[in-house]
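Shown next, in structure tokens, is the structure this report addresses.
Basis for what follows: all heavy atoms, side chains included, without hydrogens, waters or symmetry-related copies. In this chain, numbering begins with 1 at the start of the sequence shown.
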Amino acid sequence: MNPEEALKNVFEEIKNGNHLGEPITLVGATKTVDLLTIQRAIDCGLKAVGENRVQEFREKAPFLHGAEIHFIGHLQTNKVKYLIGNVSLIHSVDSLPLAEEISEQSEKKGLVTDVLAEINIGKEPTKSGFFAEQAEDAMDKISSLPGIRAVGLMAMLPKSENSRYLSDLCLQMRAIYDTIKKEGFPVRHLSMGMSEDYRIAIRNGSNMIRLGRAIFGERSNSR
């Protein structure tokens, strides 16, 4: 796939924002994508890229220029130290112990790290994250930690052909986000929607999407 053409199409789709008029932040999910292809996408206007694996992040990050680098995959506490100070946003804070480790490592470096609390909105046993009813308490506890700033929520929607079901989950996420925002948390990102479901997510309140295949084509399984 030509990333330039794919990006042009996605930018056209999201230019008017979501149904609430909020601008959409596009994060290119770059798992297994080579450096040259990622840089081509950045040069064509991609402002943020997201890596899923710490090792791959460490290999690529020093050589990418002109875009924010996010971490969007499952994160083990023993690998947090490699991200602090090197990443603009961690999307996948799925537990309080992980938040505490990010806080500790950030404090050591005298930094504040922006994070999103990951919500398991579909209550899927194979996925991590806080349940919807735990979201407010999780945000409260994460926000109380030094060296960490909870700036929003992240969700991975279940794989489903039922668009109504997915829309309902998105609306639940948006309701949680709006409630937390009204309570005074400095949230600005609702990271929800991937290549197969981003249109549904945008129609139902997402303001940040993570697209891999829609920009870069099918992933290589060689890594």
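Across all non-hydrogen atoms, the minimal contact from Ala67 to Ala48 is CB-N, 4.1 Å. The shortest heavy-atom contact between Thr77 and Pro97 is CG2-O, 4.2 Å.
In this structure, Lys81 NZ and Lys79 NZ are separated by 10.5 Å, a value rounded to the nearest 0.5 Å. Here the CG atom belonging to Leu166 is positioned 5.5 Å from the CG atom belonging to Leu157, to the nearest 0.5 angstrom. One finds the CD1 atom of Ile119 at 7.5 Å from the CD1 atom of Ile121 (value rounded to the nearest 0.5 Å).
A 4.5 Å side-chain heavy-atom check between Phe130 and Ile142 finds at least one atom pair inside the cut-off. When side chains are defined from C-beta on, Ile72 does not count as touching Leu89, because their heavy atoms never get closer than 4.5 Å. Taking 4.5 Å as the limit, some side-chain heavy atom of Arg213 sits within range of a side-chain heavy atom of Glu196. Contact annotation: the side chain of Leu26 approaches that of Ile209 to within less than 4.5 Å [non-hydrogen atoms, C-beta and beyond]. For the pair Ile69/Ser88, no side-chain contact is recorded, criterion being any heavy-atom separation below 4.5 Å from C-beta on. In this structure, the side chains of Asn204 and Arg174 stay at 4.5 Å or more apart for every pair of heavy atoms. Between Phe11 and Cys44, the closest side-chain pair of non-hydrogen atoms is not below 4.5 Å. Side chains of Val187 and Val151 form no contact here, defined as non-hydrogen atoms less than 4.5 Å apart.
Defined by atom type and a distance below 3.5 Å, a donor-acceptor pair is present between the side-chain atoms of Asp43 and Gln39. When only modelled atom types and interatomic distance are considered, Arg210 and Ser191 share a side-chain donor-acceptor pair under 3.5 Å.
A salt bridge links Lys141 with Asp137; the closest basic N to acidic carboxylate O contact falls under 4.0 Å. The pair Lys31-Glu51 does not meet the salt-bridge criterion, since no charged nitrogen lies less than 4.0 angstrom from a carboxylate oxygen.
In terms of the side chain to side chain donor-acceptor pair (under 3.5 Å) criterion, residue partners of Glu101 (sequence neighbours excluded) are, by chain and number, Gln105.
Contacts classified as side-chain hydrogen bond (donor to acceptor under 3.5 Å, both in side chains) and involving residues 114-132 (residues at least two apart or in different chains) are given here: Asp94-Ser128, Asp114-Arg149, Asp114-Arg188, Lys123-Glu133, Glu124-Lys127. Among residue pairs with one or both ends in residues 60-116, those qualifying as ring-ring contact (aromatic ring centres under 6.0 Å, His included) are His70-His91; sequence neighbours excluded.
Heavy atoms of other residues, nucleotides or ligands lying less than 6.0 angstrom from NZ of Lys47 number 12 at most.
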